[in-house]
Protein chains: 2
Amino acid sequence: MPRIRHTNFDCAPGCPVEGTLNLIGGKWKGMILFHLMSGTLRFNEIRRHLNSVTQRMLTNQLRELEADGFITRKVYAQVPPKVEYSLTEHGRSLEPIILALKVWGDTHLRSEAAKAATVRSRAA
Amino acid sequence: MPRIRHTNFDCAPGCPVEGTLNLIGGKWKGMILFHLMSGTLRFNEIRRHLNSVTQRMLTNQLRELEADGFITRKVYAQVPPKVEYSLTEHGRSLEPIILALKVWGDTHLRSEAAKAATVRSRAA
DNA sequence: GCATATAGTGTCATAAAGGATACCGTGATG
DNA sequence: CATCACGGTATCCTTTATGACACTATATGC
């Protein structure tokens with residue numbers, strides 16, 4: 001989802017939906033937030049949770065989440081470097097959404113085969 | 001958000017989040033679903049609710065939502081054509097999510113300026 | 001000396017999302 | 001006859017998100 005650039009939110013009343021989706025719609029953001037809900041994580045810990053992110057993507061997504069005020073970065077002046085990421089209050093306020101997404105996914109995305117079939121038919 | 005092509009969902013347990021986001025992450029899908037939650041709508045009704053969708057985009061998004069089983073298309077063999085869109089049961093199951101998004105947006109996206117200021121002060 | 005781990009950055013490439021524009025067929029309306 | 005409304009299609013194009021790959025600096029271990 002390309003980042004939506006509604007300068008003004010004139011498409012009321014749906015826009016809260018849109019705007020929110022916009023903030024958490026990055027390819028990895030949902031998962032990053034989800035994993036951080038369990039506690040503070042270091043860069044490479046997150047990276048290992050997400051099986052195939054590139055460093056650059058992860059950095060990007062983390063930066064955006066940080067810019068949006070959802071997470072904080074704590075840098076330890078060490079060598080080797082150590083950076084910890086954790087949710088802010090603002091980030092925690094997204095928990096209900098992430099949870100709702102997870103619950104829905106758990107309920108409706110079960111049977112990968114069925115889902116895959118759907119996805120593939122769309123791709124075709 | 002380019003459509004994610006996780007052939008296998010090996011990044012458990014976050015993937016339900018990812019997969020769900022993937023289904024409703026289209027630029028207009030959230031809003032379409034939101035509006036349809038209020039009841040059946042015709043093509044141009046939806047179009048008017050979304051202030052600036054092009055026909056092609058709306059058609060695309062509706063088709064994808066239909067392919068994913070969230071909405072149904074009911075075509076009336078009339079001239080001029082009449083097509084009605086409404087949520088399926090599957091589509092209705094997304095209501096909690098859409099609502100959560102809307103609630104969050106209403107709470108946290110109010111007065112963009114204020115939010116931006118907050119974010120920035122925190123970032124500073 | 002060389003590899004490893006850490007948390008990145010920079011450059012380049014590509015696929016996909018989103019958009020602009022024009023067109024279709026029909027029936028009613030002017 | 002020209003035009004509009006309806007619900008689309010077909011083509012082409014631009015912007016973005018995502019990805020691959022190489023590179024950095026330093027301390028530790030072999």
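Every chain is numbered from 1, with letters handed out A, B, ... down the list of sequences.
A:Thr20 and B:Leu101 get closest at one heavy-atom pair: OG1-O, 3.1 Å. When every heavy atom of B:Gln55 is checked against every heavy atom of B:Phe43, the shortest pair comes out as O-CZ, 4.0 Å.
Remark: P of D:dA17 and CD1 of A:Ile24 are 16 Å apart, rounded to the nearest angstrom. Straight-line distance from the CZ atom of B:Arg47 to the P atom of C:dG18: 17 Å, rounded to whole Å. In this structure, the CG atom of A:Leu58 is 13 Å from the P atom of C:dT6, given to the nearest Å. B:Gln78 has its CD atom 15 Å from the C1' atom of C:dG25, to the nearest Å. In this structure, the OH atom of A:Tyr85 is 8 Å from the P atom of C:dA7, given to the nearest Å. Rounded to whole angstrom, the span from the NZ atom of A:Lys74 across to the P atom of C:dA7 amounts to 15 Å. Atom C1' of nucleotide D:dA17 and atom CG of B:Leu21 are separated by 14 Å, given to the nearest angstrom. Following rounding to the nearest Å, B:Leu62 (CG) and C:dG18 (P) show an atom-to-atom distance of 13 Å.
Using a 4.0 Å heavy-atom cutoff across all strands shown, B:Arg56 reaches at least one base atom of the nucleic acid. At a threshold of 4.0 angstrom between heavy atoms, the contacts of A:Tyr76 with the nucleic acid are absent.
Here the side chain of B:Thr72 pairs no donor or acceptor atom with the backbone of B:Thr88 at under 3.5 angstrom. Judged by distance alone, with hydrogens and angles left aside, the side-chain atoms of B:Gln61 form a donor-acceptor pair with the main-chain N or O of B:Trp28 at under 3.5 Å. In this structure, A:Glu66 contributes its side chain and A:Arg63 its backbone to no donor-acceptor pair below 3.5 Å.
Comparing C:dA7, C:dG18, D:dT18 by their nearest atom to the side chain of A:Arg42 picks out C:dA7. Listed candidates were D:dG7, C:dG19, D:dA20. Nearest to the side chain of A:Thr54 is D:dA20. Set against D:dG19, C:dG18, C:dT9, the side chain of A:Thr59 has C:dT9 as its closest nucleotide. The side chain of A:Arg73 approaches C:dA7 more closely than any other nucleotide in the set C:dA7, C:dT6, D:dG19. Side-chain proximity of A:Pro81 to D:dG7, D:dT18, C:dA7: nearest is C:dA7. With distances taken from any side-chain atom of B:Phe43 to the nucleotides D:dG7, C:dG19, C:dA7, the minimum falls on D:dG7. Relative to the side chain of B:Met57, the nucleotides D:dT26, C:dG19, D:dA22 differ in distance, and C:dG19 lies closest.
OP1 or OP2 of C:dG19 sits under 4.0 Å from a side-chain N or O of B:Lys27. Between A:Arg63 and C:dG8, a side-chain N or O to OP1/OP2 separation shorter than 4.0 Å is present. Residue A:Gln61 places at least one side-chain N or O under 4.0 Å from the OP1 or OP2 atom of D:dT18. Here B:Asn44 does not reach the OP1 or OP2 of D:dA5: none of its side-chain N or O atoms lies under 4.0 Å away.
Residues B:Leu99 and B:Val17 share a hydrophobic cluster, clusters being chains of Ile/Leu/Val/Met/Phe/Trp/Tyr side chains in contact below 4.5 Å.
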